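See below for the structure under consideration.
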Amino acid sequence: MKNIEIINCDITTLNVDIIVNAANKTLLGGGGVDGQIHRKAGRELLEECKKLNGCNTGEAKMTNAYKLPCKKIIHTVGPVYRDGLHNEKELLTNCYINSIKLAEEYRKENNLEEITIAFPCISTGIYGYPKKDAANTVIDTLNSLNYPNINVIIACYGNSDYEIYNSLIK
Ligand code: AR6
C-alpha cells in the first residue's frame, strides 16, 4: 500500500474515494456500520443492493455512495466468528484482499493517480471476531500487498480498536 493511516472516526463521515461496508450476505442492510451506511446513503443504496444478488463471505461488491460524502462503497461480508477453526482468518483476509482488488480496478478505470480506501474493523462487532486477532491479520495482510497507488485508512470506531492498531503499527 502507499500509506496506512489509523484514525478514530465514524466511517460514514469520510470524504474519501471508497469506504468499505461490513455487510451480511444479503447486502440488504443490518445493524452496526452497515445500518449507519444505509441510513446515511439513503434508500437508493438499498435499491442498488437489491440488484446484486447478495455476496458470499470474503467476497466484495461495489456500489455508488448516494448521499454519503465518499464516491463509492465496497460491500464485503466478513466471517461470523465461531472458534477460529472455521476458516475465519482466511475469510477475513479475503475481505481485505478482494476489496483492495476492486478498488484498484476502480482506480484504473477512472485513470486516477492514487485513491484512498477506508475500512471499518470488519467482523469485530456483531460477528464477534476477537479485536486483537483481527487487527493482526489485517496489518499482516495489508503489509503483504503491493498496491503503490492505494492509500488505506483503518477507521476505528472508539478507542479500543484505535489503541490496538496503533500498538501494531509502531
Ligand atoms: N464507522 C466505523 N466503524 C463502525 C461504525 C461507524 N459508523 N459503526 C460501527 N463500527 P459491525 P460485523 C465498527 O457489527 O462485526 C450488521 O448487522 C464496530 O465498532 O458493524 O462485521 C451486518 O449487516 C466494529 O468495530 O460489523 C452484518 O449482519 C466494526 O465496525 C453484521 O452486522 C464492525 O462491527 C456484520 O458484523
Side-chain angles (χ1 to χ4, degrees), residues 1-24 27 29 32-42 44-49 51-52 54-79 90-125 134-158 161-162 164-166 168-170:
M1 316 314 308
K2 183 155 198 267
N3 185 47
I4 301 173
E5 190 183 2
I6 314 301
I7 60 178
N8 194 350
C9 70
D10 174 349
I11 200 167
T12 63
T13 65
L14 295 178
N15 180 8
V16 292
D17 299 284
I18 299 169
I19 68 167
V20 177
N21 181 18
N24 60 62
L27 299 183
V33 69
D34 191 13
Q36 292 195 45
I37 285 173
H38 272 270
R39 203 171 314 116
K40 292 193 182 168
E44 287 171 293
L45 175 59
L46 181 61
E47 295 308 319
E48 184 176 356
C49 284
K51 297 175 189 152
L52 297 177
C55 183
N56 286 325
T57 306
E59 293 180 1
K61 294 188 178 181
M62 184 182 277
T63 66
N64 294 315
Y66 302 100
K67 292 178 184 155
L68 287 174
C70 57
K71 298 196 177 62
K72 293 281 177 180
I73 304 168
I74 290 177
H75 306 262
T76 188
V77 183
E90 189 191 345
L91 292 167
L92 185 66
T93 300
N94 290 347
C95 288
Y96 287 82
I97 291 175
N98 287 324
S99 296
I100 287 170
K101 276 187 190 162
L102 266 186
E104 178 69 358
E105 281 173 25
Y106 168 82
R107 186 190 71 78
K108 287 185 174 163
E109 278 165 13
N110 292 280
N111 293 313
L112 301 170
E113 181 104 353
E114 63 179 80
I115 59 168
T116 299
I117 179 172
F119 285 93
C121 300
I122 297 164
S123 280
T124 67
N136 266 304
T137 296
V138 170
I139 293 298
D140 286 349
T141 301
L142 294 175
N143 284 336
S144 76
L145 298 174
N146 186 22
Y147 287 91
N149 306 88
I150 299 187
N151 299 294
V152 171
I153 291 175
I154 303 292
C156 297
Y157 196 59
D161 277 321
Y162 184 70
I164 290 168
Y165 272 95
N166 273 309
L168 289 178
I169 220 131
K170 264 182 224 149

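Everything numeric here is computed off the predicted structure, so don't read it as measured data.
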Nearest atoms (heavy-atom pairs only) where Cys156 meets Tyr165: SG-CD1, 3.8 Å

Close side-chain approach of Ile18 to Met62, heavy-atom, < 4.5 Å: yes

Check against side chain to side chain contact (heavy atoms under 4.5 Å, CB included), Lys40 and Asp10: CA-CA 12 Å; Lys40 292 193 182 168; Asp10 174 349; 3.1 Å; yes

Side-chain heavy atoms of Ile100 within contact of Thr141, under 4.5 Å: no

N-O pairing of Glu104 and Arg107 below 4.0 Å: yes

CZ-CG distance between Phe119 and Leu142, expressed to the nearest 0.5 angstrom: 6.5 Å

Test side chain to side chain contact (heavy atoms under 4.5 Å, CB included) applied to Leu102 and Lys72, step by step: CA-CA 11 Å; Leu102 266 186; Lys72 293 281 177 180; over 6 Å; no

Name of the residue among Ile154, Ile164, Ile139 meeting side-chain contact (heavy atoms from CB on, under 4.5 Å) with Ile169: Ile139

Rounded distance [0.5 Å steps], CG in Asn21 versus CG in Leu45: 8.0 Å

Least distance between heavy atoms, Val16 atom then Ala118 atom: CG2-CB, 4.3 Å

Reported NZ-to-OG1 distance for the pair Lys61 and Thr76, which is rounded to 0.5 angstrom: 11.0 Å

Taking every non-hydrogen atom, the tightest pair across Ile74 and Ala60: CG2-CB, 3.7 Å

For Ile11 against Val33, the heavy-atom pair lying closest together: CG2-CG2, 3.6 Å

Smallest separation among heavy atoms of Ala65 and Cys70, with atom names: CB-O, 3.4 Å

Interatomic distance, Leu68 atom CG to Asn15 atom CG [nearest 0.5 angstrom]: 10.5 Å

From CA spacing to verdict: side chain to side chain contact (heavy atoms under 4.5 Å, CB included), Tyr96, Ile122: CA-CA 9 Å; Tyr96 287 82; Ile122 297 164; 3.6 Å; yes

Non-hydrogen side-chain atoms of Val20 and Pro120 separated by less than 4.5 Å: yes

Close side-chain approach of Asn3 to Glu114, heavy-atom, < 4.5 Å: no

Considering all heavy atoms, the nearest Ile117-Ala103 contact: CD1-CB, 3.9 Å

From CG (Leu46) to CG (Leu27), nearest 0.5 Å: 10.5 Å

Expected output: side-chain Asn24 to main-chain Gly29 donor-acceptor under 3.5 Å: yes

Gap between atom SG of Cys55 and atom CG of Asn98 - 0.5 Å precision: 8.5 Å

Verdict with supporting geometry, Tyr66 and Glu47, side chain to side chain donor-acceptor pair (under 3.5 Å): CA-CA 11 Å; Tyr66 302 100; Glu47 295 308 319; over 6 Å; no

Donor-acceptor contact present, side-chain Ser123 to main-chain Pro79, <3.5 Å: yes

Under 3.5 Å: donor-acceptor pair, side chain of Asp161, backbone of Tyr157: no

Within-4.5 Å side-chain heavy-atom neighbours: Ile153 and Asn151: no

